[in-house]
Amino acid sequence: MPELPEVETVRDGLQRWVTGRRIADVEVRHPRAIRRHLAGADDLVARLIGASFASAERRGKYLWLPLPGRDECLVGHLGMSGQLLVQPPEVADEKHLHVRIRFADGGRELRFVDQRTFGGVQLDDLVPATDRPEQLVPAQVAHIARDPIDPYFDEAGFSRRLRKRDSAIKRALLDQSLISGVGNIYADESLWRAKLHGERPSRLLKPGQVADLLGHVRDVLGAALQAGGTSFDALYVNVNGQSGYFDRALAAYGREGEPCDRCGTPIRRSSFMNRSSFFCPTCQRPPRRA
DNA sequence: TATTTAACCTGGACGC
DNA sequence: TGCGTCCAGGTTAAAT
């Protein structure tokens, strides 16, 4: 499923393929895909036709395309199975095609395809970012923290807030208001690298441990980003299938029963937060129960 | 106020 | 082959 590296690959593709082109038509084929656009499909279509996208921006797993001269943008989230594809008009409709944007130049269309419809698109107002008012972000995204590969990510603030929390480390890593862009897979991988069990209380971490963990988060995301970038197919803005990110080397996630790359102990799987967590019981000692 | 839980959704895997 | 059940997980409203 798309996580930060995949979303960044999509953003890069949108920047190259979609920006600057005048929108001729918008087709909403599934209302759930625009459920967060409360004014409805007709409003979304009317406001997009004739406009163009100035750029492609991202924070965490949210993407947005600002409309020039207007303090609004088209926001997209891929959810768990969403794709934003740039397809030639003659290519047959995908089975789960929900939104189609045609351009006046008659070239490639922008398609939002989503099997599970957890994702969606909407128009949203642009508001000043809380930490840097000169930057505009969609109102819906304003409460999301910057991601760890953002040059303005507040490392000291993250460490302070993390250690103030009465929560488990993994839960904190998945909290987008604390740090964005980290999903279940990369959380497990980062914790394995940092030799920390996800259920360890975040308030007991020392500043050095937080810095170490953050370094591993950046390494994992960076490696995946590099893989996603190199396998990017120029014909598509694609996050699924063609991106090849499933082939990336995972040390913990999905490896239940396989030997830990560090110590050989079988990787264990447990249920945490209604999710699967994978960890090495030797390298990542679980906290003592109260 | 801070934290946790459950619901949303659908297709693939699996067991019978 | 067909049916039923479980599982995957990002986000957020609701519950604690």
Side-chain angles (χ1 to χ4, degrees), chain A residues 1-8 10-11 29-38 58-64 75-84 94-99 112-122 124 137-148 158 160-191 198-205 217 220-221 224 239-241 243 245-246 248 250 252-257 267 269-279 287 290:
Chain A
M1 62 222 51
E3 296 209 37
L4 186 149
E6 290 78 24
V7 177
E8 172 57 23
V10 172
R11 187 208 62 76
R29 296 159 52 97
H30 195 310
R32 189 173 153 77
I34 61 146
R35 63 193 179 284
R36 295 189 200 289
H37 189 80
L38 301 179
R58 181 189 60 76
R59 177 178 286 195
K61 299 168 199 167
Y62 281 91
L63 287 162
W64 67 93
V75 186
H77 194 291
L78 302 176
M80 293 169 55
S81 54
Q83 294 172 282
L84 278 166
E94 292 75 11
K95 184 178 177 185
H96 300 287
L97 171 61
H98 298 328
V99 179
F112 178 71
V113 177
D114 194 1
Q115 180 192 90
R116 283 182 243 184
T117 64
F118 270 42
V121 296
Q122 68 171 114
D124 197 9
V137 296
Q140 184 195 355
V141 178
H143 72 286
I144 303 285
R146 291 180 186 273
D147 59 64
F158 168 73
R160 193 172 54 247
R161 292 178 64 201
L162 181 73
R163 292 188 301 118
K164 209 174 150 186
R165 285 208 165 196
D166 184 17
S167 184
I169 307 172
K170 181 167 178 182
R171 191 183 292 279
L173 278 181
L174 295 175
D175 185 340
Q176 304 293 300
S177 69
L178 191 63
I179 181 172
S180 68
V182 181
N184 196 46
I185 297 171
Y186 294 136
D188 277 3
E189 290 300 299
S190 303
L191 288 166
E199 292 186 48
R200 290 266 294 271
S202 57
R203 63 188 158 78
L204 298 183
L205 286 181
V217 171
V220 169
L221 292 177
V239 295
N240 219 346
S243 74
Y245 66 91
F246 279 119
R248 64 183 171 238
L250 297 175
Y253 185 85
R255 293 192 55 195
E256 183 183 17
I267 295 290
R269 171 183 162 183
S270 68
S271 186
F272 180 61
M273 291 176 65
N274 292 326
R275 303 281 180 268
S276 285
S277 285
F278 298 87
F279 64 98

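Chain identifiers are assigned alphabetically (A, B, ...) following the order of the sequence lines, protein sequences preceding nucleic acid strands; residue numbering begins at 1 within each chain. Hydrogens, waters and symmetry mates are skipped; everything else that's a heavy atom, side chains included, is used.
Taking CG of A/L174 as the start and OH of A/Y186 as the end, the distance is 13.5 Å to the nearest 0.5 Å. One finds the CD atom of A/E8 at 8.5 Å from the CG atom of A/D147 (value rounded to the nearest 0.5 Å).
Taking the side chain of A/H143 as heavy atoms from C-beta on, and the options C/dA8, C/dT12, C/dG10, the nearest nucleotide is C/dT12. Listed nucleotides: C/dT12, C/dC7, C/dG10. Nearest to the side chain of A/R269: C/dC7.
Ranked by how close their nearest DNA chain C nucleotide is to the 5' end, A/F118 and A/Q140 are led by A/F118. Summary of the strand contacts: A/K164 and A/R32 both lie near DNA chain B, and taking for each the nucleotide with the nearest heavy atom, the more 5' one is attributed to A/K164.
For A/M273 and C/dG10, the CE to P distance is 9 Å, given to the nearest whole Å. Regarding A/F272, its CZ atom lies at a distance of 19 Å from the C1' atom of C/dC7, rounded to whole Å. As rounded to whole Å, 11 Å separates atom P of C/dT11 from atom CG of A/L63. Protein atom CG of A/N274 is 14 Å distant from nucleotide atom C1' of C/dC6, rounded to whole Å. Across the protein-nucleic acid pair, A/K61 atom NZ and C/dT12 atom P stand 11 Å apart, rounded to whole Å. Atom CZ of A/R35 is separated from atom C1' of C/dA13 by 13 Å (rounded to the nearest Å).
Taking the six-membered ring where tryptophan is involved, the planes of A/H98 and A/F112 are tilted, since the angle between them lies from 30° to 60°.
Along DNA chain B, read 5' to 3', the first and last nucleotides having any atom under 4.0 Å from a heavy atom of chain A are B/dT3 to B/dG11.
A cation-pi arrangement is present between A/R171 and A/F272 under the rule of less than 6.0 angstrom and at most 45 degrees off the ring axis.
Taking the side chain as every heavy atom from C-beta outward, A/R59 and A/R146 approach each other to under 4.5 Å. Counting heavy atoms from C-beta on, the side chains of A/L178 and A/F158 come closer than 4.5 Å. Counting heavy atoms from C-beta outward, A/F279 and A/L191 have side chains that stay 4.5 Å or more apart. A 4.5 Å side-chain heavy-atom check between A/H37 and A/V121 finds every atom pair outside the cut-off.
For the helix from B/dA2-C/dT16 to B/dC16-C/dG2, the terminal axes (five pairs an end, C1' atoms, rotation from four pairs onto the next four) enclose an angle of 50°, given to 10 degrees.
Contact annotation: A/Q176 side-chain N/O to C/dT11 OP1/OP2 distance is under 4.0 Å.
Applying the side chain to side chain contact (heavy atoms under 4.5 Å, CB included) test to A/R200 and every residue at least two apart in sequence or in another chain returns A/I169, A/L196, A/H197, A/Q209, A/P287.
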